[in-house]
Number of protein chains: 2
Amino acid sequence: MNREGLSSPRTENSGTGTLGKALSVLEIVVSSDRPLRFSEILALSDQPRGTLHRQLSHLVEEGLLIQGRDLCYEPGLRLLKFAYRSWSKNQFRAVAAPHLRKLHEETGETVHLGVLRGTEIIYVDKVESRQTVRMESQIGNASPVYCTGLGKAALSVLPQHRLAETLGKLTFHRFTANTHLSVASLKRDLDEARLRGYAFDREEHETEIRCVAAAIHGAGFDLVGGISVTGPAYRVTMEQLEIWAHPVRQAAVAISEDVEVRLGPGR
Amino acid sequence: MNREGLSSPRTENSGTGTLGKALSVLEIVVSSDRPLRFSEILALSDQPRGTLHRQLSHLVEEGLLIQGRDLCYEPGLRLLKFAYRSWSKNQFRAVAAPHLRKLHEETGETVHLGVLRGTEIIYVDKVESRQTVRMESQIGNASPVYCTGLGKAALSVLPQHRLAETLGKLTFHRFTANTHLSVASLKRDLDEARLRGYAFDREEHETEIRCVAAAIHGAGFDLVGGISVTGPAYRVTMEQLEIWAHPVRQAAVAISEDVEVRLGPGR
DNA sequence: GAGTTAGTTCCACATAATGGAACGATGTGG
DNA sequence: CCACATCGTTCCATTATGTGGAACTAACTC
């Protein structure tokens with residue numbers, strides 16, 4: 001808690017001692033879209049060689065990484081195992097699941113459940129539009145808050161100080177022609193969303209993809225997330241989204257209430 | 001590598017220094033089926049209070065755990081994020097995916113892809129039987145080798161020494177009336193599987209669930225896994241499984257070859 | 001086969017983890 | 001309502017662990 005400014009007045013110590021460093025190395029490997037060589041990781045991290053080498057060995061020994069032939073490092077299976085356990089027992093997901101299904105039946109399109117974590121929305125569950133193409137599961141995927149319906153819905157209900165804090169940490173990246181690129185324009189959007197009670201994604205993250213989303217927040221604001229209906233632009237017009245906005249919002253409210261009851265003060 | 005017997009002649013140091021300890025704490029929380037209190041974790045770990053408390057704080061700071069109201073610890077979202085990235089970019093899975101789909105079309109039942117890790121099979125991908133009930137995704141789930149078709153198929157192709165090593169580490173648990181409970185009986189089953197080229201699960205893990213599986217092994221034996229077709233006993237008889245055995249084995253061979261080519265010496 | 005780059009090992013040193021003990025907070029029963 | 005017990009958190013001297021520069025080896029390159 002009071003780690004800042006202890007050892008030397010500046011350091012802004014990012015990372016929790018040894019664990020933090022190990023995880024940032026892990027993150028480098030996991031974030032890459034192909035197996036990495038030692039020196040590539042070395043270039044991406046700011047660790048000295050000896051240190052990095054030992055950290056990697058440890059991660060491999062623990063099964064968080066595997067080292068294939070040709071000395072490349074890739075994510076290990078133990079990560080999957082961890083995630084399975086945490087996902088399958090996630091209470092928030094379990095509480096929300098029936099509402100997702102209901103919303104899916106009402107709209108026929110893909111429904112997502114996401115949770116706000118820092119400046120990202122992490123997808124926790126979904127019900128797919130139909131079985132046509134086996135879409136890659138989004139579960140566990142993280143998207144920036146500023147260009148997703150879920151992200152904007154979640155932000156729009158944050159209390160002042162937490163919103164300011166989050167906005168301060170944003171760095172923008174242009175995904176499409178419609179992506180917000182400044183705090184100012186994002187803020188205007190959030191204001192509208194707050195008034196309406198729901199947020200849109202007008203092809204801001206991917207072209208030809210639109211969505212409506214509404215926020216969920218548990219007791220206090222320790223858990224903030226949202227639920228959304230997403231579809232391809234050719235069959236999901238903005239008018240259609242306006243129509244779905246109501247059921248989406250209802251579902252979000254229902255989940256919030258359920259969360260309150262099932263995960264709230266009593267237990 | 002040469003960590004054993006350094007500091008004090010015995011210690012059999014399980015765990016990679018600080019990281020290993022942190023992970024074993026994480027494992028305790030993640031393995032539990034409900035959020036745990038500090039003292040519960042304390043009882044399950046063999047760490048002193050002060051130490052454990054700091055480790056937990058670090059895990060929370062890193063987002064691997066979250067501490068809900070009432071001071072309970074639960075798995076954090078960062079785990080999901082890690083897993084998503086590693087799953088979606090897993091080359092083995094990508095190579096095998098078309099074969100899974102093909103096998104699913106041929107059989108109409110659920111197809112699983114798994115990898116051997118220690119004494120467990122970890123499910124890496126699947127294609128579901130049909131969309132009736134939204135079955136909990138098994139991806140990332142770990143099951144014991146000795147009571148699953150995939151596990152036995154994988155074991156049956158292991159070289160002598162690795163098999164012996166793995167068998168030595170097994171501890172048996174009776175899941176159903178048919179579960180193997182001794183190395184001897186498991187070995188007989190493996191011998192048959194080795195001869196045939198495929199393995200069965202005769203309701204050994206869950207009653208009313210049967211499967212056929214065949215092994216996949218990449219270059220050398222650094223990657224051993226399998227593919228299986230699973231179904232409920234009422235519609236999947238042993239005779240049916242015998243019929244499917246052939247396509248399953250073919251798919252396994254095809255995947256092995258693809259893996260060899262796509263992930264083999266060339267890259 | 002000399003030169004370059006990538007990967008691994010080593011070890012004196014300093015930092016970060018350790019764990020016993022003291023301190024609050026919470027809650028339980030007499 | 002107060003004594004007592006349990007649970008969670010904080011503190012700090014000790015030391016185990018991680019650190020990182022440098023020396024070493026292996027693997028490519030020209």
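Computed from a predicted model, the values in this text were never measured in an experiment. Below, read A as the first sequence line, B as the second, and so on, with proteins coming before strands; counting in each chain starts at 1. Side chains included, hydrogens not; waters and symmetry mates left out as well; all remaining heavy atoms used.
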First encountered from the 5' end of DNA chain C, between Thr18(A) and Glu40(A): Glu40(A)
Using a heavy-atom distance cut-off of less than 4.0 Å, which residues of residues 44-56 of chain B contact DNA chain D? Arg49(B), Gly50(B), His53(B)
For Leu42(B), answer base if it contacts any base atom (sugar-phosphate contacts may also be present), sugar-phosphate if it contacts only those atoms, and nothing otherwise; contact means non-hydrogen atoms under 4.0 Å. nothing
With Ala142(A) via side-chain contact (heavy atoms from CB on, under 4.5 Å) - residues at least two apart: Glu120(A), Ile122(A), Lys81(B)
Just jot down the side-chain contact (heavy atoms from CB on, under 4.5 Å) partners of His161(B), sequence neighbours excluded, or say none. Pro159(B)
Phe38(A) CZ to dA27(D) P: how many Å, rounded? 16 Å
Nearest whole angstrom, please: distance from the P of dA16(C) to the CG of Leu19(B). 16 Å
Rounded to the nearest angstrom, tell me the gap between atom OH in Tyr73(A) and atom C1' in dA6(C). 11 Å
Tell me the interatomic distance from His58(B), atom NE2, to dG18(D), atom C1', rounded to whole angstroms. 14 Å
Sorted by first residue and then second, give each side-chain hydrogen bond (donor to acceptor under 3.5 Å, both in side chains) pair with at least one member in residues 45-54 of chain B; sequence neighbours left out. none
Please round to 10 degrees the angle between the axis of the first five pairs and the axis of the last five pairs in the helix from dG1(C)-dC30(D) to dG30(C)-dC1(D). 40°
Could I get the full list of ring-ring contact (aromatic ring centres under 6.0 Å, His included) partners for Tyr73(A), not counting sequence neighbours? none
For Ala215(B) versus Ala252(B), what's the shortest heavy-atom pair and its separation? O-CB, 3.4 Å
Once you round it to whole Å, what is the distance between C1' of dC28(D) and CZ of Arg37(A)? 10 Å
Between dA17(C) (P) and Leu23(B) (CG): distance, integer Å: 14 Å
Partners meeting ring-ring contact (aromatic ring centres under 6.0 Å, His included) with Phe82(A) (sequence neighbours left out): none
Would Asp125(A) and Arg93(A) pass as an ion pair if we require N to O under 4.0 Å? yes
Output the rounded distance in Å from CG (Leu71(B)) to C1' (dC7(D)). 9 Å
With sequence neighbours left out, write down each residue that passes side-chain contact (heavy atoms from CB on, under 4.5 Å) with Leu71(A), or none if nothing qualifies. Gln67(A)
Within this structure, what is the CG-to-P distance between Leu36(B) and dG8(D), rounded to whole angstrom? 11 Å
With sequence neighbours excluded, tell me which residues meet side-chain contact (heavy atoms from CB on, under 4.5 Å) with Leu36(B). Ile28(B), Ser32(B), Arg34(B), Glu40(B), Ile41(B), Leu44(B)
